[in-house]
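All remarks here apply to the structure that follows.
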Amino acid sequence: MKLNLDKQESEFLNKAIAHWEKEQLLSPEQAEKLRASTEVKGFDWMRLAQYSFWVALICGAIAVGSLIISDQVINWIKSLYYTPDIIIAIGSGILAAGCFYVGRRREKMVPQRVFSNEATIFTGILFTACSIAYFGKTFDNGSGHYSILFLISVFIYGFLAWKFNSRMIWLFALVSLGSWFGTETGYQTKWAYYFLGMNYPLRFVLFSMVLLVVCYLLKDKPFIQQFWDLTYVVALLYLFISLWLLSIFGNFGQLNDWLQVKQITLYYWGIISLGIAGGFTLYGLKSKDAIAREFGITFVLIFIYTKYFEYLWNHIPGTVFFAVLAASFWFIGRRAEKIWNLNA
């Protein structure tokens with residue numbers, strides 16, 4: 001049975017075989033045998049399946065929204081208003097457990113149906129969030145300390161991710177962790193604009209750095225291996241998105257205060273952000289850390305072009321503005337093409 005590859009994978013494999021044959025690591029007979037053992041697939045059915053399931057979920061949401069417009073459904077929903085929160089919480093929990101059970105069973109029985117299995121697990125995640133929210137409403141004492149619900153979600157999603165070995169559920173655990181940090185720091189300051197003198201972007205820079213340190217400390221631990229790279233990526237996302245916002249708004253907590261100052265006065269935040277992105281780029285290049293390298297390079301460009309728009313949008317003619325943009329992207333494209341050809 002031949003190995004079915006798409007066009008890009010086939011081209012890469014043929015280049016590798018040609019290189020090994022040239023270096024005399026493979027005999028011509030072995031190289032030809034390897035080439036004959038593969039074939040290019042005519043259509044990427046897996047990608048079609050992925051897109052189809054996403055479209056199905058979107059259309060399903062639209063269908064539900066259209067159904068809700070019906071007067072009969074609206075009256076039925078009004079009657080649910082008086083349903084006790086604890087009943088909704090328990091019902092959502094049962095539905096979530098059912099989705100996880102079905103999703104887990106399908107993964108064992110039909111593992112090749114990746115996207116339909118993930119859609120089932122994703123539905124369970126949503127019902128879990130609904131259950132936690134309504135349990136929170138049930139036991140709410142009016143304190144407004146709802147950040148505790150996000151913390152509970154972290155442990156529940158973390159346990160489910162470990163139990164089902166699901167990266168998708170682990171992603172929601174990491175998102176819940178960030179949500180808990182943001183809401184908890186807001187609650188501790190009675191929703192003031194600053195926490196220990198930091199606005200939200202700056203405090204999330206600190207949060208992401210702590211997450212990165214923990215991530216590296218746990219790198220060799222067996223229980224985190226299947227989730228380590230995802231945790232690393234999410235931590236870097238928290239870091240660089242926070243730095244990007246910080247480079248624009250500085251450490252201002254109110255939009256009105258930010259509007260009173262000139263953007264050029266916040267240049268040092270841009271320099272700090274650019275320096276951190278450059279540091280990750282160099283670290284990635286030296287240590288062959290592809291994730292750090294790609295994040296660093298990407299956000300170096302984002303930071304540079306953000307400042308370009310901030311400082312020059314209203315100060316130079318549109319023709320010159322976009323001509324410079326075109327030239328810069330052309331230069332980047334040529335350099336990237338050259339590097340790709342050297343590595344090919």
Side-chain angles (χ1 to χ4, degrees), residues 9 12 46 50 96 99-100 103-104 106-108 111-115 117-122 124-126 128-129 132 147 150-185 201 203-245 273 275-302 343:
E9 291 172 337
F12 171 77
M46 184 63 75
Q50 181 183 16
C99 289
F100 289 131
R104 182 65 169 174
R106 285 176 57 85
E107 286 178 349
K108 293 180 179 179
Q112 69 276 14
R113 298 182 180 177
V114 178
F115 301 115
N117 296 341
E118 287 187 351
T120 305
I121 296 295
F122 180 72
I125 292 172
L126 297 181
T128 300
I132 294 171
S147 59
F150 288 114
L151 185 59
I152 293 172
S153 299
V154 173
F155 291 105
I156 292 176
Y157 286 139
F159 171 76
L160 291 173
W162 171 78
K163 183 70 175 178
F164 298 127
N165 193 27
S166 172
R167 291 166 62 86
M168 181 188 294
I169 302 178
W170 184 254
L171 175 61
F172 276 82
L174 295 173
V175 172
S176 297
L177 182 63
S179 301
W180 166 78
F181 176 78
T183 53
E184 181 64 22
T185 54
R203 69 183 81 165
F204 266 94
V205 169
L206 178 63
F207 168 80
S208 59
M209 287 183 173
V210 172
L211 186 58
L212 281 171
V213 170
V214 173
C215 192
Y216 269 100
L217 291 176
L218 298 178
K219 186 174 184 178
D220 298 324
K221 303 299 180 182
F223 66 89
I224 196 69
Q225 285 303 307
Q226 67 270 35
F227 303 127
W228 188 87
D229 57 340
L230 178 60
T231 307
Y232 187 33
V233 168
V234 172
L236 288 175
L237 275 175
Y238 276 129
L239 174 63
F240 283 110
I241 290 176
S242 300
L243 285 171
W244 179 66
L245 292 173
S273 301
I276 293 175
F280 270 92
T281 302
L282 293 175
Y283 168 77
L285 291 171
K286 290 183 178 180
S287 63
K288 296 184 178 180
D289 186 336
I291 297 176
R293 183 188 66 227
E294 299 303 326
F295 265 97
I297 293 173
T298 300
F299 276 90
V300 163
L301 295 175
I302 289 175
N343 294 329

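All figures in this text were calculated on a predicted structure; none of them were measured in a lab.
Between the Ser273 side chain and the Leu243 main chain, a donor and an acceptor come within less than 3.5 Å of each other.
Taken to the nearest 0.5 Å, the CG atom of Leu151 stands 10.0 Å off from the CD1 atom of Ile156. Interatomic distance, Ile302 CD1 to Ile297 CD1, rounded to the nearest 0.5 Å: 12.0 Å. If you take CZ on Phe204 and CG on Leu211, they are separated by 11.0 Å, rounding to the nearest 0.5 Å. To the nearest 0.5 angstrom, Phe227 atom CZ is 5.0 Å from Asn165 atom CG. For the atom pair Tyr157 OH and Ile125 CD1, the distance stands at 6.5 Å (nearest 0.5 Å). To the nearest 0.5 Å, atoms OG (Ser166) and CZ (Phe100) are separated by 8.0 Å.
Shown here are the side chain to side chain contact (heavy atoms under 4.5 Å, CB included) partners of Arg203, two or more places apart in sequence or in another chain: Phe181, Thr185, Phe195, Met198, Tyr200. Remark: Val213 engages Leu217 in a side chain to side chain contact (heavy atoms under 4.5 Å, CB included) (not counting sequence neighbours). Under the rule for a salt bridge (Lys or Arg N to Asp or Glu O under 4.0 Å), the partners of Arg104 that lie at least two apart in sequence or sit in another chain are Glu107. With sequence neighbours excluded, no residue forms a side chain to side chain donor-acceptor pair (under 3.5 Å) with Trp180. Taking the ring-ring contact (aromatic ring centres under 6.0 Å, His included) definition, one finds that Phe150 meets it with nothing, sequence neighbours left out. With sequence neighbours excluded, the residues that form a side chain to side chain contact (heavy atoms under 4.5 Å, CB included) with Tyr283 are Tyr216, Tyr232, Ser287, Asp289, Ala292.
Every pair passing salt bridge (Lys or Arg N to Asp or Glu O under 4.0 Å) that includes a residue from residues 208-231 is listed here, sequence neighbours excluded: Arg167-Asp229. Applying the salt bridge (Lys or Arg N to Asp or Glu O under 4.0 Å) definition to pairs two or more places apart or across chains, none involves residues 156-165.
Of all non-hydrogen atoms in Thr120 and Cys99, the two that sit nearest each other are CG2-O, 3.3 Å. Nearest heavy-atom pair, Thr128 versus Ala96, reported as atom, atom and distance to 0.1 Å: OG1-CB, 3.4 Å. Residue Gly296 comes nearest to Thr281 through the heavy atom pair C-OG1, 3.0 Å, listed as atom of the first residue, atom of the second, then distance. Shown here for Ala235 and Ser208, the closest heavy-atom pair between the two residues is O-CB, 3.6 Å. Across Ser147 and Thr183, no two heavy atoms sit closer than the pair CB-OG1, 3.0 Å.
Between Val300 and Phe280 the shortest side-chain heavy-atom distance does not fall below 4.5 Å.
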Inset, instruction - Determine, step by step, whether Ile224 and Trp162 satisfy the side chain to side chain contact (heavy atoms under 4.5 Å, CB included) criterion, reporting the C-alpha distance in whole Å, the side-chain angles of both residues, the deciding distance to 0.1 Å, and the verdict. - result: CA-CA 9 Å; Ile224 196 69; Trp162 171 78; over 6 Å; no

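Phe299 and Phe240 have their aromatic ring centers within a separation under 6.0 angstrom.
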Can I get a per-line list of side-chain donor-acceptor pairs under 3.5 Å for residues 169-179, giving both atom names and the distance, sequence neighbours left out?
residue, atom, partner, partner atom, Å
Trp170, NE1, Thr231, OG1, 2.8
Ser176, OG, Phe172, O, 2.8
Ser179, OG, Val175, O, 2.9

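Atom CH2 of Trp244 is surrounded by 12 or fewer heavy atoms from other residues, nucleotides or ligands within 6.0 Å.
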